[in-house]
A.B. asks: 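My structure is below; once you've seen it, I'll send some questions.
Note that the structure is predicted; figures quoted are calculated from it, not measured.
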Amino acid sequence: PPRMFSKILVANRGEIACRVFSTAKRLGVKSVAIYSDADHRAKHVTMADEAFRIGPAPVSESYLQGDEIIEVAKTARAEAIHPGYGFLSENPDFVEAVEAAGLVFIGPPAEAIRAMGLKDTAKRRMAQVGVPVVPGYHGESQDPLLLASEAEKIGYPVLIKARAGGGGKGMRLVETPGGFATALEGARREAEASFGDPSCLIEKFVASPRHIEIQVFGDAHGNVIHLFERDCSLQRRHQKVIEEAPAPGMPEAVRKAMGRAAVEAAKAIGYQGAGTVEFIADGSAPLSEDGFWFMEMNTRLQVEHPVSEAITGLDFVELQLRVAAGEPLPLGQKEVTIDGSAIEARLYAEDVAKGFLPSTGSLRRLVFPPAAEFEVAPLRIDAGVREGDEISPWYDPMIAKIITHGPTRDIALSRLSAALSSCRVSGTVTNLAFLDELSRHPGVRAGGVDTGVIGRDFEKLSAVASPSEEVKALAAILGLGLADAPDSNDPWERLRSWRHWTWAEDVISLECGDEQFSYRVFSDGSGRCDVDTETGLIRFDVVAEAPGLCRATKDGRCVRVEFHREETSLALYLNDVLYEFTRPTHAPGGETDGAGGDRLHAPMPGLVKAVSTVPGDVVSAGSALLILEAMKMEHTLSAPRDGVVAEVLAANGDQVSEGTLLVVLEPEGD
């Protein structure tokens, strides 16, 4: 009888590697990770039983080094290689090399991958076995005149698509004959640059397309089943953003017809393992049995597989391992049922307002609501990164997948909205607010999903919250540490910025987006703060509840505020909206609270070389207080104003960080 593997290697990184390791551990299978120099401290490395360096950061020198990966697998005595998705997962040459080395590839046979690798040949083959395909030209000729002629026959608008690859690369929508030649040239150039193959095919453009895909599984014994559909219509730049299962408004007869077509497609190429047959449907009318067409087949596990796991209760990675080990599928088509509804949102480090450009940065704050990870649950969050990790420019900037499951679509969507509004991410620009808006979009709530939703309502979905004067006033208070929880129960410790007979006065400068502002803040030491803003004095009473959490009351209205402050940055959450502020950098010798402030901060990291003042000294603005050595140069830090030195918080030889509080002043005569 087939025997489960004792050890597998995952030829991938990030979230999908962690996902596979989670199932492997549950099954008692040892796991081996590979990592590039950029990933040597990554989460997937820590989850595996063993990890091996594979090369420098660029994927071409690390995660795409198939021969090196196979050698690592042999060295580690792994029996099989799981490719994850992306990288080498749909490379038939890699599959053959794995098998030639005596290892098992946890995925389909090389020939099945080749059969579906080029969209034109795949569509011709599907048409031969009776699977409906979009009207179009899928022939070999690439003569521009012939392609233009075929476009005329199909009828405009048409879609020019690269026959290799995906992700929207090499794709052009052509509305009229006059734009065809230019669009073809652009598509060919992009296809050549992305896939090394400029060949294109022409298809009828479906005006209100819905992107519906069927999950299939095959084994080595000729069994193929489908595990229902996913709707992946909510896309930006031809890439998926929110996916759900089952598809809204899916009649049972259409589900069966689409499922049968997907199973026939998989059987026609001798498919084994997990795969997805993608269809395009006309979203301008209710789904019908003659209103969907084959697009392509992804011969691997999909990013959005957790929504199908949720509604079927199955672990797809476990099924992959069992099928690859030679076991027959453990259940037949009639035993698979749909339980409720599930939705997945992909949280990315990307700038939505700038056209979804990938972002980088350190995840200074990454907090999710309580959730399961890598297993079916009402709320599941699969993440490949942790707080403090870097989002590098080398790889896909996905932070996490947020998946919710409920008895109805409405409940699953409500859970998704609640989960998204409870996520806390700072340190890099993300699409979190955009996802939250999309999950609450009236059209999405009503089940009206097609690939044009995001484009049509982009302005509203991508709007960035601008801080009001009240929010900026709160940021000034939090930035000065006036709402910090005390470190002890000492009553004197609880008196922040306490002054005898008078209120303490500080000035803080902050930036939010392109806006810079400086506010004067007066505090009485017990939580009452007056902030001198551009619209006048704003008073808040702030009470610390816990580290990073306070209550702020203004005019009788009390709100809870979450915040995360570092030396040069502040993230503030108010009513689940994130506002991020930074402290502008100042030239050496200045103070970060502005002229007239009570506090002198280190303007940069450095070594305290000399302290020339003690508490009680009367000083004038500009008086030298200490010398800081940074970058092999000495910088004299001076008093920001006239006053009396109340506290000296640094000593000779101290190594201090940027923003460290060094000296506190109080007015003369206090």
Side-chain angles (χ1 to χ4, degrees), residues 1-36 39 42-55 62-113 217-223 270-275 299-301 305 314-330 374-375 384:
R3 181 185 62 82
M4 178 50 67
F5 308 113
S6 60
K7 183 186 287 189
I8 63 169
L9 177 142
V10 177
N12 217 298
R13 63 174 301 281
E15 170 269 330
I16 185 56
C18 297
R19 166 74 189 88
V20 178
F21 293 150
S22 175
T23 290
K25 184 174 183 179
R26 183 173 60 78
L27 296 178
V29 176
K30 295 290 186 183
S31 56
V32 181
I34 56 171
Y35 64 91
S36 70
D39 276 342
K43 180 177 176 179
H44 78 274
V45 173
T46 64
M47 282 189 70
D49 294 297
E50 301 173 67
F52 291 79
R53 178 186 179 273
I54 200 69
S62 51
Y63 296 107
L64 292 180
Q65 290 289 321
D67 292 342
E68 290 289 332
I69 292 170
I70 291 169
E71 284 304 311
V72 167
K74 289 161 68 176
T75 299
R77 296 187 177 179
E79 298 164 301
I81 293 180
H82 193 300
Y85 47 69
F87 295 149
L88 297 167
S89 62
E90 294 180 280
N91 185 318
D93 295 336
F94 178 65
V95 177
E96 289 173 343
V98 168
E99 291 171 347
L103 303 169
V104 175
F105 180 76
I106 303 173
E111 281 312 305
I113 296 175
F217 254 97
D219 62 25
H221 307 277
N223 302 306
Y271 200 80
Q272 296 175 30
T299 52
R300 53 173 167 78
L301 196 65
H305 74 272
L314 298 170
D315 182 330
F316 287 5
V317 174
E318 178 177 347
L319 285 180
Q320 282 187 298
L321 295 180
R322 293 198 180 283
V323 165
E327 294 183 25
L329 284 167
F374 307 121
E375 62 183 45

A.B. asks: Minimum heavy-atom separation for Ala11 to Ile69, with atom names?
C.D. replies: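 Minimum heavy-atom separation between Ala11 and Ile69: CB-CG2, 3.9 Å.
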A.B. asks: Going by the ring-ring contact (aromatic ring centres under 6.0 Å, His included) test, name the single residue among Phe87, Tyr35, Tyr85 that passes it with Tyr63.
C.D. replies: Phe87
A.B. asks: Working to the nearest 0.5 angstrom, can you tell me the gap between Leu88 CG and Arg300 CZ?
C.D. replies: 13.0 Å
A.B. asks: Determine the interplanar angle of the Phe94 and Phe105 rings, folded into 0 to 90°, and report it as parallel if under 30°, tilted if 30 to 60°, perpendicular if over 60°.
C.D. replies: perpendicular
A.B. asks: How would you list all residue pairs meeting side-chain hydrogen bond (donor to acceptor under 3.5 Å, both in side chains) that involve residues 95-110, not counting sequence neighbours?
C.D. replies: Glu96-Arg114
A.B. asks: Which donor-acceptor pairs under 3.5 Å do side chains of residues 25-33 form with protein atoms, sequence neighbours excluded?
C.D. replies:
{"unit_1": "Arg26", "atom_1": "NH1", "unit_2": "Glu318", "atom_2": "OE1", "d": "3.4"}
{"unit_1": "Arg26", "atom_1": "NH2", "unit_2": "Asp315", "atom_2": "OD2", "d": "2.7"}
{"unit_1": "Arg26", "atom_1": "NH2", "unit_2": "Glu318", "atom_2": "OE1", "d": "2.7"}
{"unit_1": "Ser31", "atom_1": "OG", "unit_2": "Asp49", "atom_2": "N", "d": "3.4"}
{"unit_1": "Ser31", "atom_1": "OG", "unit_2": "Asp49", "atom_2": "OD2", "d": "3.4"}

A.B. asks: Any idea which heavy atoms bring Lys43 and Gly384 closest together, and the distance?
C.D. replies: CB-O, 3.5 Å
A.B. asks: For residues Ser89 and Gly84, report the shortest heavy-atom separation together with the two atoms involved.
C.D. replies: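 The pair with the smallest heavy-atom distance is CB-O, 3.5 Å.
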A.B. asks: Between Lys74 (side chain) and Ala101 (backbone), is there a donor-acceptor pair under 3.5 Å?
C.D. replies: no
A.B. asks: With Ile81, which of Ile34, Val104, Ile70 fulfils side chain to side chain contact (heavy atoms under 4.5 Å, CB included)?
C.D. replies: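 It is Ile70; the other options fail the test.
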A.B. asks: Salt bridge (charged side-chain N to carboxylate O under 4.0 Å, His left out): which pairs involve residues 100-109, sequence neighbours left out?
C.D. replies: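 Matches after skipping sequence neighbours: none remain.
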A.B. asks: Would Leu321 and Ile106 count as a side chain to side chain contact (heavy atoms under 4.5 Å, CB included) here? Give the steps.
C.D. replies: CA-CA 7 Å; Leu321 295 180; Ile106 303 173; 3.4 Å; yes
A.B. asks: Please step through side chain to side chain contact (heavy atoms under 4.5 Å, CB included) for the pair Gln320 and Leu301, ending with a clear verdict.
C.D. replies: CA-CA 9 Å; Gln320 282 187 298; Leu301 196 65; 3.6 Å; yes
A.B. asks: What are the two closest heavy atoms between Ala73 and Leu103, and how far apart are they?
C.D. replies: CB-CD1, 3.8 Å
A.B. asks: How long is the span from the CD atom in Glu68 to the OG1 atom in Thr75, to the nearest 0.5 Å?
C.D. replies: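 Glu68 atom CD to Thr75 atom OG1 measures 9.5 Å (nearest 0.5 Å).
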A.B. asks: Looking at every non-hydrogen atom in both residues, tell me the closest pair between Gly14 and His44 and how far apart they are.
C.D. replies: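 Closest pair (atom of Gly14, atom of His44, distance): N-ND1, 3.5 Å.
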A.B. asks: Would you say that Tyr271 contacts Thr299 through its side chain, given a criterion of any heavy-atom pair below 4.5 Å between the two side chains?
C.D. replies: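 Yes, close enough: below the 4.5 Å cut-off.
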A.B. asks: Please evaluate residues Asp219 and Gln272 with respect to the criterion side chain to side chain contact (heavy atoms under 4.5 Å, CB included), reporting the C-alpha separation (whole Å), side-chain torsions for both, the decisive distance (0.1 Å), and the verdict.
C.D. replies: CA-CA 5 Å; Asp219 62 25; Gln272 296 175 30; over 6 Å; no
A.B. asks: For the backbone of Val317 and the side chain of His305, can you confirm whether one donor and one acceptor N or O come within less than 3.5 Å of each other?
C.D. replies: no
A.B. asks: On a heavy-atom basis, which atom in Ile113 and which in Pro108 lie closest, and how many Å separate them?
C.D. replies: CG1-CG, 3.7 Å
A.B. asks: Measure from the side-chain N and O atoms of Asn12 to the backbone N and O of Ala17, and report whether any donor-acceptor pair falls under 3.5 Å.
C.D. replies: no
A.B. asks: Would you say the side chain of Ile54 lies within less than 4.5 Å of the side chain of Ser62, judging by non-hydrogen atoms?
C.D. replies: yes
A.B. asks: Go through the steps for Lys7 and Glu79 under the test salt bridge (charged side-chain N to carboxylate O under 4.0 Å, His left out), then give the verdict.
C.D. replies: CA-CA 6 Å; Lys7 183 186 287 189; Glu79 298 164 301; over 6 Å; no
A.B. asks: Do Phe316 and Phe217 pass the side chain to side chain contact (heavy atoms under 4.5 Å, CB included) test, and can you show the C-alpha distance, the side-chain angles, and the key distance before you say yes or no?
C.D. replies: CA-CA 9 Å; Phe316 287 5; Phe217 254 97; 4.0 Å; yes
